[in-house]
Trainee: 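I have a structure here, written as structure tokens, and I will follow up with some questions on it.
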Protein chains: 2
Amino acid sequence: MARAIAGGRPTVKDVAVAAGVSATTVSRVLAGNYPVSASTRKRVLRAVQDLDFVINAQARALVGGSTRTVAFIVRDLVGPLFAYIGQGVEQQATAEGRVCLVCTHHGDADRELELIELMREQQAEAVVLVGGGLRTPEHLERMAQIARSLERVGSRLVLCGRPPIGPDAPSTVVEYDNEGGAFAVTNYLISLGHRRIAFVGAAEPNHTTTSARFEGYTRAHRAHGLTVDDSLVVGGTFDRESGYRQTKALLARDTGTEPAMTAILGITDMVASGILAALREAGLRVPEDISVAGYDDIPLSADLSPALTTVHIPHEELGRAAVRLALHRDEYALDQHLLLGTHVVIRDSAAPPRENNAR
Amino acid sequence: MARAIAGGRPTVKDVAVAAGVSATTVSRVLAGNYPVSASTRKRVLRAVQDLDFVINAQARALVGGSTRTVAFIVRDLVGPLFAYIGQGVEQQATAEGRVCLVCTHHGDADRELELIELMREQQAEAVVLVGGGLRTPEHLERMAQIARSLERVGSRLVLCGRPPIGPDAPSTVVEYDNEGGAFAVTNYLISLGHRRIAFVGAAEPNHTTTSARFEGYTRAHRAHGLTVDDSLVVGGTFDRESGYRQTKALLARDTGTEPAMTAILGITDMVASGILAALREAGLRVPEDISVAGYDDIPLSADLSPALTTVHIPHEELGRAAVRLALHRDEYALDQHLLLGTHVVIRDSAAPPRENNAR
DNA sequence: TTGTAAGCGTTATCAT
DNA sequence: ATGATAACGCTTACAA
């Protein structure tokens, strides 16, 4: 029964004294990596109990080399997508006996870089960047430099859900087929007969997620010999509110001179959820009057009404793979790049257009 | 431009040599808490740049005292409720210049205790337990002991969304009025005219959240001179699947000998979401045929159809307050206990019963 | 203003 | 099988 010792944390030395052995022996008992006589071990463990001793992880890391710490940096903790990937990261890290540091940058790319530096100070074994990010030449260069810095000290930058930085940036990349998913879902809408498909996206043209999804959307049009009507492409952010507002705006501006859109693709499921709300308010039925699709397949999607047709991402596996590859990179190829598949999940929010405009 | 230095992480000593000063001076420049001549500072900073030096947080913590680390332990990263509280924890910690450690226990109370120990090894300044927990005498005693252990080394156990452990357990408690919220929402259903209200809860009678919410539910009945029909109280877990299954079971067992329930209270919004799905499948309309209410007011609730009547919890504020109190406990009273309010959010899922059974 | 030296708590190395 | 000692990278007296 932990007898309390007044003042301060007990150290191996205190335990050693209490057990009548040397600090070295205590260390050996605790680590269990060296032969110690049974009787001594018992005395030491007894002293550990009595003093309520726990080892100092910082001191151990200082001499032992590794902190056994994995850092993950996400936009927000609350988005279901980030949460699920984070869940995967945390699970795998725990499974590998690591502890998890977590930070959020709320979409601020500079803050993201600061956080990586902070995690370097923390000696994280791996720094996992979750979700898409900025993609400008300057930012990429700074990122590459940071990747090299991490590499130099035996750590590793991991891109999870983001394309590689460049050839000379040592990093582990675990992506999902972002563009392919957008292509597939747009293609599905087109195959249903839709020709005027609005894209409610994010106004961050240099964001990897934004550009990949938009590219998939346009490529699907091209594949069918269609051209995208720019007036149907609007910006915003990744959240529900944005989907709601942008859809309101789209509907308001619909003067009837052009045939209205018959379908809307939201850049995320949260956006799609806002789209559905706006349409419902406008008295439009989904999918009878207009079709809607999203992207991410967050758990919410199945519970919307109508249940949302969307693109599935292997969230958790993405996070798990990121940690697994980073921690065992010697066992894998040097240039680590994993691309996981996405697929369309057909639910109830998309159907053939009321009047098929296909010419 | 960070000239790469081959092999290993540079240390203050390396910087000192490069700048032609002592390690002490480097330390002083970095900490900025001691006068250093402008020219020296410049040379040092230059060397830091050149060597791409970052300080070793572990070593600094070892000598400096604090790790500037806050740990938070949650059931899962994915539940919206936990995520929002975690968001609050992370935000406040960051605002206070702290770094966040996160662990999940998936509802395993023993694992939770292990994790607290792990966080004690990590020298976390505060260990925040998010969400309800087990409440058995043994568990409480172990928890109290851990609270004392943490206290002894200058750390702090923080209970966030869970009642206090006991009088001799030094801990910071930030609760919300769990019982009061359950009372209020049940009271609301009763005031609408419902007399047979099912409770779809969790089969963990010693779980703080379960018991508080169930207690509020029964107290509301008592307050109206009603008695709870035990056959309308079912167990399960906190997730959507449970709500779905339990509701299916309730409907199946409804033989018609007793008047059926006219309303269902889910122990969480996720459960309520499952309840809605089951009712929809059974062809029952909400709230025309049957009313439903939830608890937590997660973002999803507003998007369900019908939009869910539920109990709002100040999620983020809960997390923020937890960290704020823990880190400034000298400035507050010694026995820290904060109780935040909850309130019913009236949406569309509850209405007066079709045939008012009030006698 | 700057430097020297001791020490934080642990483990690895080398003895015994 | 056990112990003494020297690191690990940093800060903080104490000196100069």
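Here the structure is a predicted model, which is why all the values come from computation and not from measurement.
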Trainee: Quick one: do A:R111 and A:E117 make a salt bridge, cutoff under 4.0 Å?
Mentor: no
Trainee: Using a heavy-atom cut-off of under 4.0 Å over every strand shown, decide if A:V21 touches base, sugar-phosphate, or nothing.
Mentor: sugar-phosphate
Trainee: Hey, are B:R148 and B:D168 close enough for a salt bridge, meaning a charged N less than 4.0 Å from a carboxylate O?
Mentor: yes
Trainee: Would you kindly check whether a donor in the side chain of A:T24 faces an acceptor in the base of D:dA4, or vice versa, at under 3.5 angstrom?
Mentor: yes
Trainee: How many whole angstroms separate atom CZ of A:R41 from atom P of D:dT2?
Mentor: 10 Å
Trainee: Closest nucleotide of DNA chain C for B:V36 versus for A:N33: which of these residues is on the 5' side?
Mentor: B:V36
Trainee: Which angle, rounded to 10°, do you find between the first-five-pair axis and the last-five-pair axis of the helix from C:dT1-D:dA16 to C:dT16-D:dA1?
Mentor: 40°
Trainee: Round to the nearest Å and state the distance from B:Y34 atom OH to C:dT2 atom P.
Mentor: 11 Å
Trainee: Does the distance from a Lys or Arg side-chain N to an Asp or Glu carboxylate O, for A:R43 and A:D50, drop under 4.0 Å?
Mentor: no
Trainee: Salt bridge or not for B:R120 and A:D52, using N-O below 4.0 Å?
Mentor: yes
Trainee: Are A:R75 and A:D108 ion-paired here, with the side-chain N under 4.0 Å from a carboxylate O?
Mentor: no
Trainee: Answer yes when A:E125 and A:R156 have at least one side-chain N-carboxylate O distance shorter than 4.0 Å, and no when they do not.
Mentor: no
Trainee: How would you label the contact of B:S22 with the nucleic acid (heavy atoms, under 4.0 Å): base, sugar-phosphate, or nothing?
Mentor: base
Trainee: Below 4.0 angstrom, N of the basic side chain to O of the carboxylate: do A:R320 and A:E317 qualify?
Mentor: yes
Trainee: For D:dT2, does either OP1 or OP2 sit under 4.0 Å from a side-chain N or O belonging to A:T25?
Mentor: no
Trainee: Please report, rounded to the nearest Å, how far the C1' atom of D:dC10 is from the CD atom of A:Q58.
Mentor: 13 Å
Trainee: Indicate whether OP1 or OP2 belonging to C:dT2 is found under 4.0 Å from a side-chain N or O atom of B:T40.
Mentor: yes
Trainee: Roughly, in whole Å, what's the span from CZ in A:R28 to P in D:dA4?
Mentor: 11 Å
Trainee: Report the distance from atom NZ of B:K42 to atom P of C:dT1, rounded to the nearest whole Å.
Mentor: 18 Å
Trainee: Does a side chain donor of either A:T104 or B:E90 reach within less than 3.5 Å of an acceptor in the other side chain?
Mentor: yes
Trainee: What pairs of nitrogen or oxygen atoms, one from the protein and one from nucleotides 7-10 of chain C, lie under 3.5 Å apart?
Mentor:
residue, atom, partner, partner atom, Å
C:dT10, OP1, A:N56, N, 3.1
C:dT10, OP2, A:V12, N, 2.5

Trainee: Salt bridge between B:E114 and B:R142, side-chain N to carboxylate O under 4.0 Å?
Mentor: no
Trainee: Take atom CZ of A:R120 and atom C1' of D:dG9, then tell me their distance rounded to the nearest Å.
Mentor: 15 Å
